[in-house]
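Please read the structure below before turning to the comments.
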There are 2 protein chains.
Amino acid sequence: MLHLNRKTEYALLALEHMCLKEKEKARHINTREVAEIYHIPYPLLAKVMQELSRRGFLKSLYGVNGGYVLAKKASDITVADIAQIFEGPLAVAECFRDAKITCPQWNDCLIKDPFYELNRKLHELLVEMTIENLAMSNAS
Amino acid sequence: MLHLNRKTEYALLALEHMCLKEKEKARHINTREVAEIYHIPYPLLAKVMQELSRRGFLKSLYGVNGGYVLAKKASDITVADIAQIFEGPLAVAECFRDAKITCPQWNDCLIKDPFYELNRKLHELLVEMTIENLAMSNAS
DNA sequence: TCAATATAAGACTATAAAAGTCCTATATTA
DNA sequence: TAATATAGGACTTTTATAGTCTTATATTGA
């Protein structure tokens, strides 16, 4: 229950990888490299990288020795941001997904208030998790 | 992202309803009543109620004036329990779903430790949410 | 006793989301 | 100018969710 999807996981792995490698040597990281290290299907990861680029989290470079670099500071990229891209807004219950009320239970719903609270707390947790923070658990 | 499924929501609504009604008048609550009040498809809710009964959260009574009553104290039924029934174990990332390691990223995974932490915190939140606690926000 | 009512259980279908592929185009570099 | 890498769209496959249908069983009350 409550699992993030693979695109989000792949995106986080890629961003994390770039964050760590960026410190070693300033260079572009290409999709193939990330796909091979983490055993991610190349065409799928390519899509993910493109999306991250389109959304302004990565800067891309075409051609030989091309690839991507982080377009933002690692401390400014949160898990909440990335998950939002690949799976929409955080919504523990259906009713929190859209602004307008579509839930047929809404009026008589007995659980919406505590679940709204849960949603809020969970969001806080996801915002605290930045690419920089994640990197700390992998500092060698 | 991170949403509970409808069976879980329906189950929680039903349990919550029974918790509140039980206090008013000691009687069995039938599936039709719950389905109508909360606009839940009857055959689907029936399945959910049967599952809750099978798992020992409800006690059932056949026939005219039959229905269900809570088989446990409302304070002993948590959202974690119910969600677990209808959508399996809490697993923010795929790798926490099974005991044995099947994730192809496992060895090189840069994010598993912080996500394990997130999983743990989230589980705590769900365990704190009991049917009794949920009822408090609806006390009239 | 028997009709009405409510749960029990399994198989089944439909829909939607997730995961993954394929093809073509474009920019860059050595 | 060939090789390389990103860009983008359409497409297929797979899996999970949501919902339905049918038949059986237990209980009650007239």
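To find a chain, count down the sequence lines: A is the first, B the second, and so on, and within it residues start at 1.
- The distance between atom CG of N30(A) and atom P of dT4(D), rounded to the nearest whole Å, is 11 Å.
- Put simply, NE2 on H3(A) is 9 Å from C1' on dA16(D), counting in whole angstrom units.
- Here R54(B) pairs with E51(B) in a salt bridge; the nearest charged N to carboxylate O distance falls below 4.0 Å.
- Rounded to an integer number of Å, the gap from NE2 of H28(B) to C1' of dA26(D) is 13 Å.
- Taking atom CZ on F57(A) and atom P on dT6(D), their separation rounds to 19 Å, with Å as the unit.
- The side chain of S53(B) contributes an N or O atom lying less than 4.0 Å from OP1 or OP2 of dA8(C).
- The closest donor-acceptor contact from the side chain of K112(B) to the backbone of W106(B) lies under 3.5 Å.
- Checking side-chain atoms of E87(A) against main-chain N and O of T8(A) turns up no donor-acceptor pair under 3.5 Å.
- Atom pair H39(B):NE2 and dA18(D):P shows a separation of 19 Å (rounding to whole Å applied).
- Atom-to-atom, CZ of F86(B) to P of dA18(D) comes out at 12 Å; the value is rounded to the nearest Å.
- Side-chain proximity of N5(B) to the nucleotides dA18(D), dT7(C), dG8(D) is greatest for dA18(D).
- Q84(A) places no side-chain N or O within donor-acceptor distance of the main-chain N or O of L90(A), the cut-off being under 3.5 Å.
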At under 4.0 Å between heavy atoms, how does the protein contact nucleotides 20-30 of chain C? Give one character per nucleotide, 5' to 3', with B, S or -.
BB----BBBBS
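- As judged by a 4.0 angstrom heavy-atom cut-off over every strand, R54(B) is placed among residues touching the sugar-phosphate backbone only.
- Between dT6(D) and T31(A), a contact under 4.0 Å exists linking OP1 or OP2 to a side-chain N or O.
- With respect to the salt-bridge test (charged N to carboxylate O, under 4.0 angstrom), the residues E9(B) and R6(B) do not qualify.
- Of the possible donor and acceptor atoms, none in the side chain of N119(A) sits under 3.5 Å from a partner among the backbone N and O of A93(A).
- The phosphate of dA5(D) (OP1 or OP2) has no side-chain N or O of S60(A) nearer than 4.0 angstrom.
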